[in-house]
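Heads up: the structure comes next, in structure tokens.
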Amino acid sequence: MAGRLTIMLAAGVAVMCATGPTAMPSDSDLKVVRLDPAAAPPGGSTVVHAFVANAGPERTASPFTVVVRLPSGFTAEGPYFPEDCRAEARGRLVRCTFGAGLAALRTATALVPVRVDTDVTPGTRAEGHVQVIGADDHDPRDDRTPFTLSVGSGSSEEPADQR
């Protein structure tokens with residue numbers, strides 16, 4: 001029995017040495033804050049600001065992912081911030097990963113440029129969503145929020161990239 005326990009302990013130590021210690025999740029509350037992007041005309045662009053706050057009380061100990069989902073008629077097109085954001089589902093979904101260490105009462109923002117399809121009718125208002133996913137988050141009720149993409153006529157608005 002003692003020999004088997006020694007072998008199991010040695011195997012566990014070898015695995016930890018090979019993979020590194022596993023951080024325990026912190027006591028953090030990641031929450032998404034609603035921000036609606038500026039209006040853009042058909043064929044124009046705007047930027048979704050996926051804004052996440054850590055309400056604390058602790059600094060995050062694990063990475064977290066911010067997911068932006070776009071409705072039909074809108075397509076994400078880089079470059080994104082942070083640079084490691086990745087578009088999926090033909091540009092209708094973008095995932096951005098942030099490392100551990102977001103301090104309590106601090107924020108992180110992913111910037112996702114969005115192109116309005118040329119056939120979207122001026123006056124259209126469409127709903128997208130921002131979601132945060134992380135092992136540290138202890139309150140899932142505030143992990144997702146909608147945002148509204150508005151399509152203007154283009155005649156009275158300044159270009160979205162000059163705002």
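Along the sequence shown, residues carry numbers from 1.
Contact of the Pro41 side chain with the Ser153 side chain is not registered, since no non-hydrogen atoms from C-beta on lie closer than 4.5 Å. With a 4.5 Å cut-off on side-chain heavy atoms, Leu35 and Phe147 do not count as touching. Side-chain contact between Val67 and Leu93: present, with at least one pair of heavy atoms (C-beta onward) separated by less than 4.5 Å. Side-chain contact between Val151 and Phe74 is present, with heavy atoms from C-beta onward closer than 4.5 Å. Within the 4.5 Å cutoff, the side chain of Val32 has no heavy atoms near those of the Phe51 side chain. When side chains are defined from C-beta on, Val52 does not count as touching Val33, because their heavy atoms never get closer than 4.5 Å.
Scanning all heavy atoms of the two residues, the minimum distance from Val112 to Ala76 falls at CG1-CB, 3.8 Å. Of all non-hydrogen atoms in Ala135 and Pro25, the two that sit nearest each other are O-CB, 3.6 Å. Residues Pro37 and Val48 share a closest heavy-atom pair of CG-CG2, 4.0 Å. Closest of all the heavy-atom pairs between Gly91 and Leu70 is O-CD1, 3.5 Å. The two residues Pro57 and His138 come nearest to each other via the heavy atoms CD-CE1, 4.5 Å. Pairing each heavy atom of Pro42 with each of Gly152, the nearest pair is CD-O, 3.3 Å.
Between the side chain of Ser28 and the main chain of Asn54, no donor-acceptor pair closer than 3.5 Å is present. Counting only distance, with no hydrogens or angles, the side chain of Arg59 and the backbone of Ala104 share no donor-acceptor pair below 3.5 Å. A donor-acceptor contact shorter than 3.5 Å is absent between the side chain of Thr109 and the backbone of Ala50. Proximity of a side-chain donor or acceptor of Ser45 to a complementary backbone N or O of Val114 within less than 3.5 Å is not detected. Remark: side-chain polar atoms of Asp117 are not paired, donor with acceptor, to backbone N or O of Asp119 under 3.5 angstrom. Remark: side-chain polar atoms of Arg69 are not paired, donor with acceptor, to backbone N or O of Val130 under 3.5 angstrom. Within the 3.5 Å criterion, the main-chain N or O of His129 finds no donor-acceptor partner in the side chain of Arg144.
A donor atom on one side chain and an acceptor atom on the other are found under 3.5 Å apart for Asp136 and Ser26.
With sequence neighbours excluded, the residues that form a ring pair (Phe, Tyr, Trp, His ring centres under 6.0 Å) with Phe64 are Phe98.
Of the inter-residue distances, the one linking Arg92 atom CZ with Thr75 atom OG1 reads 7.5 Å to the nearest 0.5 angstrom. Taking OG of Ser62 as the start and CG of Asp137 as the end, the distance is 11.0 Å to the nearest 0.5 Å.
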Kindly indicate, with the supporting measurements, whether the criterion side chain to side chain contact (heavy atoms under 4.5 Å, CB included) is fulfilled by Leu149 and Thr46. CA-CA 9 Å; Leu149 289 158; Thr46 188; 4.0 Å; yes

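Residue pairs meeting the side-chain hydrogen bond (donor to acceptor under 3.5 Å, both in side chains) criterion with at least one partner in residues 29-39, sequence neighbours excluded, are Arg34-Asp36, Arg34-Thr148.
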